[in-house]
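Naming: A, B, ... by sequence-line order, numbering from 1 per chain.
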Number of protein chains: 2
Amino acid sequence: MKKVTIHDVAKQAGVSPATVSRVLNGTAKVKPDKAEQVQKVIAELGYRPNALAHSLAQGKGSGTVGVIVRHLYGEFFSLVLSAFENELRAKGLHMICSSSNGSAQEERQSLKIMTQRGVEALFLMAPCLPDAELLELIGTTPTVLMNRYIPELARSCVTIDNRLGGYLATKHLLDLGHERIACITAYLTRQFARQRLEGYLEALREKGIARDDLLIIEADDLYSESGTQATERLLKLGSFSALFATNDLMAAGALKALQAHAYSVPEDVSIIGFDDLSLCQLTTPTLSTMHYPTEEMGKCAAQHLLQQMEGKAPDTLSPFKSYLKIRESSAAPKGQTSPVKPLVES
Amino acid sequence: MKKVTIHDVAKQAGVSPATVSRVLNGTAKVKPDKAEQVQKVIAELGYRPNALAHSLAQGKGSGTVGVIVRHLYGEFFSLVLSAFENELRAKGLHMICSSSNGSAQEERQSLKIMTQRGVEALFLMAPCLPDAELLELIGTTPTVLMNRYIPELARSCVTIDNRLGGYLATKHLLDLGHERIACITAYLTRQFARQRLEGYLEALREKGIARDDLLIIEADDLYSESGTQATERLLKLGSFSALFATNDLMAAGALKALQAHAYSVPEDVSIIGFDDLSLCQLTTPTLSTMHYPTEEMGKCAAQHLLQQMEGKAPDTLSPFKSYLKIRESSAAPKGQTSPVKPLVES
DNA sequence: TTGTAGGCGTTATCAA
DNA sequence: TTGATAACGCCTACAA
């Protein structure tokens with residue numbers, strides 16, 4: 001039971017391979033009766049065209065785009081990916097994807113294989129390879145970068161203004177009247193965390209509030225447990241009436257820690273997160289946060305990629321902006337001053 | 001600036017294409033100096049082997065496996081996919097994936113393209129195509145089905161015992177002393193929902209408690225909002241001291257609804273969900289649920305697929321079992337003296 | 001409208 | 001060890 005090829009079909013149908021190809025792709029006109037006969041034989045033999053050979057012969061793309069993400073899990077990546085894939089699929093393109101787990105080696109490997117396999121384009125989410133190597137590996141393949149800026153690819157970086165987000169989040173708390181605002185940040189090796197922290201600092205500076213390193217704490221990773229732990233530490237170190245966590249998971253973890261210590265949110269402490277994960281609507285209280293336009297960004301990436309593939313001059317991309325999503329976890333401080341045990345101030 | 005092929009390298013290096021191929025794949029021994037020369041030219045010309053042509057010539061697989069999921073988003077799918085991909089990547093295989101959005105047409109389309117593109121295997125999560133068509137489309141490609149049972153593919157179905165899960169969840173509530181236990185189920189067109197409901201009913205039956213249709217409510221979908229809405233309806237219809245939601249999102253939604261009506265959980269109403277999403281640990285109170293072994297299942301699927309690809313007789317798969325994860329949302333009903341009262345033993 | 005021939009980039013076969 | 005040469009399965013001239 002060998003594979004049936006276009007030749008088998010041709011022979012069986014009493015025509016030439018070329019003719020079969022024509023009825024297959026509608027490349028040229030074929031006499032109806034011949035065409036019908038061919039179709040019939042195709043069905044009989046259960047013939048399936050070999051897409052590989054097809055691409056090879058045509059020299060064109062393989063109908064696939066390569067996607068490399070840090071992780072396949074996590075609401076953020078999933079949503080972006082989902083939006084991205086929906087756009088792609090509508091154009092008949094498929095996604096060949098792999099995760100790097102933050103390993104440059106994995107990334108390199110995947111990138112190599114994908115380009116060799118003839119992906120028509122590349123979508124890289126927060127790649128960790130150094131600029132130069134990345135550019136080399138990419139070669140001339142149309143590429144969109146997400147959450148990573150490389151000057152040479154300036155036109156193709158889909159980013160979000162994390163600094164602005166951090167600024168707006170902090171400003172929200174300031175506007176509510178908070179003055180001692182803590183910040184729990186994901187580990188600062190991650191660019192987004194640094195940027196959000198910067199925004200936080202800027203907002204404070206603008207308000208004339210001095211940076212207090214006792215109120216800034218760098219967590220071990222970016223999940224809820226670290227948020228909890230960081231908050232525990234925070235509670236021992238300083239006093240604060242509000243808390244900015246650089247992502248929602250940590251914010252939710254912080255909420256847990258505060259509740260465990262019998263603080264109520266937002267009465268005793270206000271919290272704001274970042275990302276607007278669906279989880280924000282399910283905690284008690286619901287979490288104020290910075291909305292992250294995941295779907296839009298995934299869609300944008302896809303469209304930009306399609307433009308590049310079609311040879312059009314792609315739009316110039318400007319950073320997306322996140323905006324405030326105020327829910328229950330943020331409110332004005334209870335009294336005039338911070339209600340949380342004022343170690344330093346008292 | 002055309003593509004540089006193996007011929008270009010050969011010419012430039014003063015050897016034959018075959019030799020270049022040899023140094024490339026280590027297929028046979030090549031004199032060190034020749035080999036070195038070839039390597040040098042490869043670097044100079046920036047030659048990249050064409051994986052398509054490679055597969056074509058070798059007649060072997062393309063190094064890819066096709067994956068079709070209902071959705072790319074959602075913690076459940078992401079985690080399974082992530083675990084699956086990690087196993088695969090370790091073997092140098094890549095994933096070409098697409099989502100069907102529950103559309104048979106999309107599924108058909110993707111399946112066709114993937115097999116044509118020469119995927120070596122298929123991983124289908126809860127496909128919606130009818131058995132017969134699915135089998136036909138799959139052909140002889142090694143396949144693993146997740147959360148779908150097809151007799152012909154009995155050995156390759158990775159499933160979970162949803163019925164058992166529903167039973168255990170309900171039994172947990174019964175054991176706590178609850179008698180009026182409501183059930184919010186995802187729409188019953190989804191098999192998993194029907195099965196979990198069955199488990200619920202069985203537990204009640206076993207306890208001699210009659211089915212009360214006022215306490216069973218079918219939500220519009222399976223997200224938290226429907227859980228909230230369903231609970232709202234429930235509160236108007238019947239009285240209950242415990243609630244089994246057939247998934248965590250709905251459970252979390254139910255929790256919100258109850259809290260909005262000033263019921264406290266678990267004092268007034270106990271809640272148990274299903275899936276053990278990370279969200280369960282972040283709600284207040286934390287959610288009791290049935291643990292769903294997502295990673296294990298994803299990993300299992302990958303391993304089974306690898307076995308098939310290697311021609312080994314794959315292990316026979318038995319359904320995974322979910323187990324109870326008791327957290328804060330379930331407790332004995334108010335006024336109950338002894339929390340757990342096993343009828344038989346007392 | 002149809003068939004023939006040559007090529008896509010690589011590997012396998014078989015002499016040399 | 002090497003190098004021709006024939007596949008691999010399909011497509012696109014070009015010719016008929």
Side-chain angles (χ1 to χ4, degrees), chain A residues 1-39 41-42 45-63 112-120 139, chain B residues 1-39 41-42 45-64 112-113 115-120 139:
Chain A
M1 163 143 166
K2 296 169 58 180
K3 281 174 191 166
V4 2
T5 77
I6 202 172
H7 291 96
D8 302 322
V9 176
K11 190 183 297 177
Q12 189 77 5
V15 298
S16 77
T19 301
V20 177
S21 171
R22 290 194 260 264
V23 325
L24 235 39
N25 307 299
T27 314
K29 286 187 176 175
V30 178
K31 255 193 184 152
D33 54 325
K34 290 268 175 196
E36 195 178 342
Q37 170 66 2
V38 168
Q39 292 287 17
V41 174
I42 287 180
L45 268 46
Y47 164 70
R48 307 221 195 158
N50 178 327
L52 256 55
H54 181 100
S55 313
L56 218 213
Q58 244 187 186
K60 288 184 186 171
S62 57
K112 225 175 248 176
I113 297 187
M114 286 178 177
T115 50
Q116 289 183 5
R117 190 163 303 295
V119 295
E120 296 182 40
Chain B
M1 166 144 161
K2 296 171 61 180
K3 282 173 191 167
V4 4
T5 78
I6 202 172
H7 289 97
D8 302 322
V9 176
K11 189 182 298 176
Q12 189 78 4
V15 298
S16 77
T19 301
V20 177
S21 172
R22 291 185 181 107
V23 326
L24 233 41
N25 307 299
T27 315
K29 286 185 177 172
V30 177
K31 259 199 182 139
D33 54 325
K34 290 268 174 197
E36 196 178 338
Q37 170 66 3
V38 168
Q39 292 287 16
V41 174
I42 286 179
L45 268 48
Y47 163 71
R48 308 219 194 160
N50 179 326
L52 257 55
H54 181 103
S55 310
L56 216 213
Q58 247 189 183
K60 289 183 185 171
S62 57
T64 58
K112 225 175 248 174
I113 297 187
T115 50
Q116 289 184 5
R117 190 161 303 292
V119 294
E120 297 181 39

Partner set under side-chain hydrogen bond (donor to acceptor under 3.5 Å, both in side chains) for T64(B), not counting sequence neighbours: S62(B)

Interatomic distance, K29(B) NZ vs dG3(D) P [rounded to whole Å]: 18 Å

Results of side-chain contact (heavy atoms from CB on, under 4.5 Å) for Q58(B) - residues two or more places apart only: H54(B), K60(B)

Partners meeting side-chain hydrogen bond (donor to acceptor under 3.5 Å, both in side chains) with Q116(B) (sequence neighbours left out): none

Sequence-distant partners of E36(B), side-chain contact (heavy atoms from CB on, under 4.5 Å), two or more places apart: none

Per-nucleotide protein contact string for nucleotides 3-10 of chain C, where B marks a base within reach and S marks sugar-phosphate only (heavy atoms under 4.0 Å, - for neither): BB--BBBB

Residues which pass side-chain contact (heavy atoms from CB on, under 4.5 Å) with A53(A), listed by chain and number, not counting sequence neighbours: N50(A), L56(B)

From CA spacing to verdict: side-chain contact (heavy atoms from CB on, under 4.5 Å), Q12(B), V9(B): CA-CA 5 Å; Q12(B) 189 78 4; V9(B) 176; 5.8 Å; no

Residue mapping more 5' on DNA chain D - nearest nucleotide basis, T27(A) or D33(B): D33(B)

Passing option when V20(A) is tested against D8(A), V15(A), T5(A) for side chain to side chain contact (heavy atoms under 4.5 Å, CB included): V15(A)

Distance-only donor-acceptor hits, side chain of residues 21-32 of chain B, under 3.5 Å, sequence neighbours excluded:
from	atom 1	to	atom 2	distance (Å)
S21(B)	OG	N25(B)	ND2	3.4
N25(B)	ND2	S21(B)	O	2.9

Axis-to-axis angle between the two ends of the helix from dT1(C)-dA16(D) to dA16(C)-dT1(D) (five base pairs per end, rounded to 10 degrees): 40°

Atom-pair distance (CD on Q37(B); C1' on dT1(D)), nearest Å: 17 Å

Distance in angstrom units between D8(A) CG and dC8(D) P, rounded: 10 Å

